[in-house]
2 protein chains.
Amino acid sequence: MTARKLTIADVAERAGVSKGLVSFALNDRPGVAPATRERILRIASEMGWSPSLRARSLSTRRSFALGLVIARDPEVIGSDPFFPSFIAGVESVLSTEGRVLVLSVVPDQEAELMTYKSLVADGRVDGVFVSDLRHDDIRIPVLEELGIPAVTLGVPDVPSPFPAVTIDDAVGIRAAVEHLVALGHTRIAHVAGAARFLHGSRRRGAFEQAMRDAGLEAGQSVDTDFSIAEGSAATRRLLAQAERPTAIIYANDPMAIAGLAVAQELGLRVPHDLSITGFDDTDISRYVFPALTTVGTDPAEWGRAAARSLLRLMEAGESDDVALPSAELVVRRSTAAPGRP
Amino acid sequence: MTARKLTIADVAERAGVSKGLVSFALNDRPGVAPATRERILRIASEMGWSPSLRARSLSTRRSFALGLVIARDPEVIGSDPFFPSFIAGVESVLSTEGRVLVLSVVPDQEAELMTYKSLVADGRVDGVFVSDLRHDDIRIPVLEELGIPAVTLGVPDVPSPFPAVTIDDAVGIRAAVEHLVALGHTRIAHVAGAARFLHGSRRRGAFEQAMRDAGLEAGQSVDTDFSIAEGSAATRRLLAQAERPTAIIYANDPMAIAGLAVAQELGLRVPHDLSITGFDDTDISRYVFPALTTVGTDPAEWGRAAARSLLRLMEAGESDDVALPSAELVVRRSTAAPGRP
DNA sequence: CTGAAAGCGCTTACAG
DNA sequence: CTGAAAGCGCTTACAG
């Protein structure tokens with residue numbers, strides 16, 4: 001590993017050209033004779049030289065890194081399988097681009113904003129991902145003012161100069177409602193995510209609209225913070241009612257699995273006494289009993305698409321919104337016609 | 001945000017000193033009169049100047065970043081809650097140190113090694129975390145030769161110059177066995193993790209030893225890749241036998257939850273017909289039915305300890321091994337005395 | 001098509 | 001205790 005002592009000057013000398021020319025050859029810039037270019041590159045690789053990222057960073061004012069800031073309670077971050085899959089998707093495209101992901105996990109929104117700011121101020125990243133969009137999301141104007149390229153997961157409800165990568169989860173919720181209605185359910189409830197998140201309230205809105213469209217009275221919705229604990233508590237409340245729902249649509253799989261457990265604990269048979277649907281089609285959903293009917297999304301593909309979009313924005317200066325295939329209902333064993341008492 | 005145009009020269013001029021002195025004051029180096037130092041710092045902050053990380057990186061040959069490479073199948077990465085919690089722990093200490101985490105998720109061991117190498121070659125990180133230790137782990141000698149500071153999660157089975165941060169999970173497995181034996185179980189099986197991982201084979205070894213110590217014949221162990229799918233399949237195989245076990249100890253919670261589902265599907269009552277224990281005490285384990293008896297570990301604390309250890313190594317040049325509190329059994333409702341047929 | 005030089009914004013011996 | 005200068009290793013106008 002003596003390799004690290006080499007600099008562009010060594011390569012230039014060995015090739016009998018100036019440092020500038022080596023740089024030009026390396027960066028594929030015009031003005032280098034093809035033969036020369038090739039010779040320089042060959043010599044560089046023979047010598048085992050690769051340009052110093054730090055030096056490049058200083059002179060180009062770029063970091064060749066992208067940033068993701070996740071604001072989640074450290075205690076519950078583990079229960080949401082979304083981010084690991086999303087990140088794996090992001091990495092799969094970054095790794096082929098010589099770029100790297102800088103990840104921050106922070107406890108709250110205040111720290112989240114500070115982190116975006118310092119990441120940019122320190123020049124740690126050349127672009128950022130914005131996930132878990134909230135209503136009137138302050139990050140949009142802040143990032144715009146910071147002048148950093150960004151991509152949002154979903155379309156913000158405030159004016160945004162950034163490309164959005166979307167997956168239509170409302171379609172999935174609607175499909176779940178229609179599936180349950182077709183089975184004969186009329187008392188359908190929704191255990192929703194946090195209303196401050198766009199995806200939380202959008203799924204809830206889709207649920208209510210679908211219920212109306214089915215000619216049913218607006219089903220009950222109860223908001224949660226997306227955590228397993230609150231999903232469990234919400235289920236307990238819903239099932240404690242005299243006129244309890246015969247089906248519950250959950251905003252994510254972990255809550256649905258907790259709901260399944262509550263039903264079992266209360267002696268209700270799923271799906272005979274209670275039908276249940278989840279959201280995300282996470283790995284575990286097919287391995288619970290009964291296997292969970294859920295709405296499939298593809299977080300890894302979302303990650304790939306977001307990374308591509310952000311890279312394009314950084315290189316071309318602009319990037320179109322991209323819409324991923326809609327979330328689709330995956331019917332398994334946790335839903336059935338409501339049982340006769 | 002005109003702040004970004006400022007350089008150390010601006011501050012020096014305004015303070016009426018040389019750039020060098022500003023640098024010394026900033027870095028708390030001796031040779032600056034306290035009063036001068038204070039004045040420089042005050043002026044710098046008044047001007048809103050913060051030193052350019054890129055320039056510092058180039059001259060100090062440091063990146064002020066730490067690296068973590070995770071080799072996991074993108075499809076199943078989401079089902080293991082370990083990493084998100086671990087990372088949250090790491091971040092909680094890095095964020096106060098002006099350091100940042102560079103995360104890579106790669107599909108296999110080959111890519112994993114390449115990634116460590118390029119992270120170091122590019123000077124992306126000043127130190128790395130080594131998780132999921134394997135037998136004869138090649139990463140240890142490679143990282144040693146690369147000359148990069150590292151910390152390992154657990155003690156490698158090859159000579160290692162790096163500090164290790166350990167949690168004694170064997171204690172937890174032993175406690176699970178003893179708990180089940182005390183309840184009257186004699187046919188206890190183990191659904192183990194992958195044997196190529198140190199933690200996988202260590203838990204298995206602890207299981208076998210504890211069985212022997214209890215005077216029981218070595219219980220059945222079946223290796224898996226830690227995935228929910230294999231945990232489910234292993235359970236199915238174990239329960240299909242004529243003399244099926246009355247209790248199963250799983251190497252992680254997700255597999256235990258899948259096992260619970262298999263039992264239910266087969267019409268076995270848990271814990272009456274089959275006792276089940278998990279590992280890690282993840283968030284969901286208390287929200288399944290019956291609530292899971294499991295072995296508690298603290299991935300976030302592990303992350304904090306590992307980060308502290310690595311930082312100490314980088315600053316002091318050495319760092320002792322640290323042993324976290326042993327994994328402890330958390331008894332809930334999925335274990336009981338074996339039911340009479 | 002090619003070279004010599006300045007610049008990116010810090011840090012760090014070296015003098016004084 | 002303080003200053004002037006070189007150096008980190010690239011990129012990029014500017015000349016030719």
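Bear in mind that the values here come from a model prediction, so they are computed numbers and not experimental data. Note on naming: letters A, B, ... go to the chains in the order of the sequence lines (proteins, then strands), and numbering restarts at 1 for each one.
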### Query
Which class fits the ring pair B/F86 and B/F83: parallel under 30°, tilted 30 to 60°, perpendicular over 60°?
perpendicular
### Task
Could you check whether the rings of A/F197 and A/H199 sit parallel, tilted or perpendicular, using 30° and 60° as the cut-offs?
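Judged by the thresholds at 30° and 60°, the geometry between A/F197 and A/H199 is parallel.
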### Query
Which part of the nucleic acid, if any, lies within reach of B/T36 when heavy atoms closer than 4.0 Å are counted: base, sugar-phosphate only, or nothing?
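Sugar-phosphate: the residue B/T36, judged by heavy atoms under 4.0 Å, touches backbone atoms but no base.
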### Task
Flag yes if more than 12 heavy atoms outside B/M314 fall under 6.0 Å of its CE atom; otherwise flag no.
yes
Given atom [atom1] of [X] and atom [atom2] of [N], what is their separation to the nearest angstrom?
X      : N      : atom1 : atom2 : value
A/D28  : D/dT11 : CG    : C1'   : 15 Å
A/E13  : C/dT2  : CD    : P     : 19 Å
A/R62  : C/dG9  : CZ    : C1'   : 18 Å
B/D122 : D/dC10 : CG    : P     : 11 Å
A/I8   : D/dC10 : CD1   : P     : 6 Å
B/N27  : D/dT2  : CG    : P     : 16 Å

Check nucleotides 4-8 of chain D against the protein and report each pair of N or O atoms closer than 3.5 Å, with its distance, or say if there are none.
from  : atom 1 : to    : atom 2 : distance (Å)
D/dC8 : O3'    : B/R61 : NH2    : 3.4

Any side-chain heavy atom of [X] within less than 4.5 Å of one from [Y]?
X      : Y      : answer
B/L313 : B/V151 : no
B/P156 : B/D137 : no
A/E91  : B/V106 : no
B/L113 : B/I138 : yes

### Distance below 4.0 Å between B/R29 side-chain N/O and C/dT12 OP1 or OP2
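Checking C/dT12 against B/R29, a side-chain N or O does come within under 4.0 Å of OP1 or OP2.
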### Task
Would you confirm whether A/W302, through its side chain, and A/G89, through its main-chain N or O, come within 3.5 Å as a donor-acceptor pair?
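No: the side chain of A/W302 does not pair with the backbone of A/G89.
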### Query
To the side chain of B/V32, which of D/dT2, C/dG9, D/dG9 is closest?
D/dT2
### Message
Measuring from the side chain of A/S23 (C-beta onward, heavy atoms only), which nucleotide among C/dT2, D/dT11, C/dC10 has the closest atom?
### Response
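Output: D/dT11.
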### Query
So B/D132 and B/R72, salt bridge (Lys or Arg N to Asp or Glu O under 4.0 Å) or not? Walk me through it.
CA-CA 10 Å; B/D132 281 341; B/R72 289 284 172 103; 2.9 Å; yes
### Query
If you write DNA chain C from 5' to 3' in dot-bracket form, with Watson-Crick or G-U pairs under 3.5 Å, [ ] for crossing pairs and | for pairs with another strand, what do you get?
|||.||||||||.|||
### Query
Hey, what do you get for OG1 (A/T152) to CZ (A/F162), rounding to the nearest 0.5 Å?
8.5 Å
### Atom pair OG (B/S104) and CD (B/E112), whose distance is rounded to the nearest 0.5 Å
10.5 Å
Which pairs, protein N/O on one side and nucleotides 14-16 of chain C N/O on the other, fall under 3.5 Å?
none

